[in-house]
Structures are given as C-alpha cells and as structure tokens.
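Accompanying notes for the structure given below.
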2 protein chains.
Amino acid sequence: MCKSTDPKRALFAELAAVARALGHEHRVELLEHLAQGERSVEALARLTGLSMANASQHLQQLRRAGLLDARRDGKFVLYRLADDGIVQLMSVLRQTAERNIATVGALLARYFDGRDGLEPIGRADLVERAQAGLVTVIDVRPREEFDLGHVPGAVSIPLEELDARLEELDPAAEIVAYCRGAYCLLAVEAVVRLRAKGFSARRMEDGMPEWRAAGLPVVAG
Amino acid sequence: MCKSTDPKRALFAELAAVARALGHEHRVELLEHLAQGERSVEALARLTGLSMANASQHLQQLRRAGLLDARRDGKFVLYRLADDGIVQLMSVLRQTAERNIATVGALLARYFDGRDGLEPIGRADLVERAQAGLVTVIDVRPREEFDLGHVPGAVSIPLEELDARLEELDPAAEIVAYCRGAYCLLAVEAVVRLRAKGFSARRMEDGMPEWRAAGLPVVAG
DNA sequence: TATACGTTCAAGTTATCGCTTGAATGATGT
DNA sequence: ACATCATTCAAGCGATAACTTGAACGTATA
C-alpha cells in the first residue's frame, strides 16, 4: 500500500494549515488588500477596521502559513504576498465559492447584474482595443494604489473625482474602468455613473491583482 | 468608496467558510479519496481510520460548504465531489503549500528524490507516446479504483500483484505507472521496484483525479 | 413484522481560536 | 537621553471545533 502513511498525513496537515490560514473573514480581506501591493500594519488596520493588535495577529498567522512576507521600513513593518501565485489561489477559491454557494451567486446577482448589465471586458480584448485606440482605460482606485502599479496607458481617476472630471473623457470612445478585483465595487459604480451621463462604459474583468498575475505589463509611479 | 461594505464582507465570509472547510487534515484526506470517485461513509471511515461518526461529521461539514454532494443508494450514503473544479482547488492549494512551506519541500525531497530520481512524465507526452505504442501504462491502484475509471489503454496491476506479474510486461518498452495523485506513493514504489528488476520505468505526473480534471478521456468498468 | 446494518443526531469534554487589554520592543526625531 | 509612534507580546475571557459515546433514524433482509 501507500508505503509510509506518516509523510502523507504530514502533507495533508500542511495543506490544511494553509487552508486554515485562509479560513477567516478578516484574513481573506487582508489578503485582498495585500494583493494590491505591500502595506503597513497600520494601513491594513485602518482599511479593515481592525484593531492594530488584532490585525497584527492575523498578519502573523498568514506569515506563519507562508502566505506573507514582512520587511521593516523605518518604523513601519510592511507586509506583502509571499508569492504571486497566492492571487491565483484566492481566485480559484472564489470560483469554487461562486460555483458552490448559492448565497454567493445571489450576492453577485444582486450587486452586479442589477447595476451593471453588460459583461465585463476580458483582459485580452482590452489590450487589443487599447492598442487600436478604441478605448479609454480609467483606473478608479485611490491614487495611492494607482501609483503602486497600473495598467499601461490607464488614466487615474479616483471615484471621488469622477463627476468633476467628466470633461476629460472622450464621449466618442468606449470607456473601460477597473479597480481592485472582481469584488471591488469601485469600477461598477463608475460604470453606472458614466452611463447615466451618456458615456459608453464597461468594466474590466477582475482587477489589478489579476492583471498582474496574468503576466501583463504594469506601470508604477 | 466601495459602496456597500456589507456584501463585500459577506463574500469574504463565504470564501473563508470554504477555506475553513479545507482547514482540517482529515477533511483534506477525505477530499483526496473522494477525488477518485464517490465513496460511502463506511469506506471513507475505513480508508482514513476515522470513526464513522467522526467521518460523517467531517463529510457533512464539507457538504455544508458546498464541496460535496451526497446521494442515497440502498443502505449506503455515497458522497462525491460537488464539482470537478474542486480538484483544481486542491491542486492550487498544494502548489501554494509547496512553494511556501519549507517542510513540504523537505518532505517531498525526502520521499521522492531519494526514491524516484527521474522527472515524472507529463500527461501530454504520455498521450503522444502511448498512441505511438512506445510505452506501457500501468495503473497500480487497487482494482476497485481502476474499475471506477482509468487511463485508456492502461493495464490494472495493483501494487501487491506487481512482483508476481512482471512477465506480463515488455522489457523493451518504457513503463509508466500512475496512481491517485501527486502525493500517492503507490506509483513511486512501483517505479522503484520495476527499476530494480531492470525495467525502464517512470511515473506519470499527478494521478487519476488530475487526469480527469484535465479533460482527458477516462474508461470505466 | 422483526432484525441487522449504515448513517446521523445529541450531549459532553477537551482543546484551540479570536479578540481585548495593557505592557514590552524597536526605530525615529528632538 | 528622552519622548513618540508602530508593532508585537502576554494574559485572560468567551466562543467554536474536534472527538467520543450512546441513542435514534431509514433501509434492506430474514
């Protein structure tokens, strides 16, 4: 039979340990933020609404599971994903959840279909049409995140500034908005507002982390 | 900002719930067995060494997470994976664990490198060479699992019978063995024994569940 | 109908997890 | 050296998960 049951068991235990690290709402949220780039504990605590001590503990748990790396920069400790493959792991987890959990489907239907009728545009299509000059790509995340890395050629228009900067956009071109990922609602909101103003707008599938994970070029600064 | 924080939180919670379902050694092992095909609670309890009540509870937990389906057949309740994509989820989880956890690498090194020097053969290569008649494919799992589904053209030689059935194998052909998956050691053991007898033997990458998940043909019965 | 068997349920114990609070550590700037 | 700030550690509480035991449920066989 499978000769040594010990190492098999140990492997199962390791897999379970990694899975358990993903097995908490707050840690999933932390990873979602960290998929954007490295962040300090304080920034993550603020973004998630967790106490510093609590955020720190969850981050250390993720680090112990091998999902995060930490480095010190001055008085801050910056965490980041240990590996770009972790985005893929989150993505597959999300797909599984979407397929299997009725409530997820319902949530998505409620918050996407009703607000954003059109299918999102795929990354490959987007690259093609952007090169042909057919689309204007806008990045609706906060400028801080834009600076850390964005789609080449994209214009930074944080959602708060969108209404004030409509005149910058070409009404003849199709506008494609993107933000942090499949479940970030920034881009959905942007599309809804743009359509209300008569623009032809769609959102890009997923968001920055998946773009990066797909090996597509990223511009920083 | 991201308009409603509620649905986002709910989504994180759902992802975490799925991950938490994978977050126990025994449930990972159960899924690994179920990747081979549907099994009764009794069979799974026997395979894993768990008590029936305990196995039942873990299975129900996996079912609640949407990872398993159950159906009744006579006095047995048969569980199976709710979705072939779950094999992919397990696979990505394994890859992440391998990349990130030193101990997993060490375990693999200890139990594979020392026993099975050659790289495993990829599925695409295997299909090609099998069609050209260059290799003999053997399935070293118990016959019960072979019957539930195997690689077309493969010969069922459970590991226990291998030594007694060496004369069936062509010493001139290359022999490729496969079993349940990347961490099943049946095929590794078979390769070691065959090489000791002078055969040219390798193992196939991964195993039956991944073959099935890759969309390659499967023969049953 | 009665019995056997596989499975699930319910209750109870032990261990672990998540969170808060308050103190300790480590780097920075005056 | 001192104060400041970001982070981590340590202790304690409440909640949840894992496992065992014994009983209940459903289905097939005598």
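Proteins come first, then strands; the chains are lettered A, B, ... in the order of their sequence lines, and each starts at number 1.
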Q: Dump the intermediate steps for side-chain contact (heavy atoms from CB on, under 4.5 Å) on B:Y178 and B:D139, then the final yes or no.
A: CA-CA 5 Å; B:Y178 74 89; B:D139 182 322; 2.6 Å; yes

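For B:Y79, no side-chain nitrogen or oxygen approaches OP1 or OP2 of C:dG6 to under 4.0 Å. Here A:S56 does not reach the OP1 or OP2 of D:dT7: none of its side-chain N or O atoms lies under 4.0 Å away.
Nucleotide D:dA17 holds its C1' atom 16 Å from the CG atom of B:L22, rounded to whole Å. Here D:dA6 presents its C1' atom at 11 Å from CG of A:L78, a figure rounded to the nearest Å. If you take CE of B:M52 and P of D:dA24, they are 18 Å apart, rounded to a whole angstrom. Remark: C1' of C:dA10 and CD of B:Q60 are 12 Å apart, rounded to the nearest angstrom. Between the CZ atom of A:R39 and the C1' atom of D:dT7 there is a distance of 18 Å, given to the nearest Å. Look at CG on A:L59: it is 15 Å from C1' on D:dC9, rounded to the nearest Å. Summarising the geometry, the separation between CD on B:E42 and C1' on D:dA28 is reported as 16 Å, rounded to the nearest angstrom. Rounded to whole Å, atom P of D:dT8 lies 11 Å from atom CG of A:L68.
Listed by chain and number, the residues in a side-chain contact (heavy atoms from CB on, under 4.5 Å) with A:L148 are A:R39 (sequence neighbours excluded).
Within the structure, salt bridge (charged side-chain N to carboxylate O under 4.0 Å, His left out) pairs that include any residue of residues 66-75 of chain B comprise B:E38-B:R71 (at least two apart or interchain).
Within 6.0 Å of CZ on A:R123 lie more than 12 heavy atoms contributed by other residues, nucleotides or ligands.
A salt bridge links B:E210 with B:R94: the closest approach of a Lys/Arg side-chain nitrogen to an acidic carboxylate oxygen falls below 4.0 angstrom.
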Q) Using a cut-off of 4.0 Å between protein heavy atoms and nucleotide atoms, how would you tag nucleotides 17-30 of chain C 5' to 3' with B, S and -? A) -SBBB-----SS--

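In the set C:dT7, D:dT8, D:dT7, the nucleotide with an atom closest to the side chain of A:F76 is D:dT7.
For the pair B:L89/B:V87, no side-chain contact is recorded, criterion being any heavy-atom separation below 4.5 Å from C-beta on.
Side-chain contact, B:Q36 with B:R141: a donor N or O sits under 3.5 Å from an acceptor N or O.
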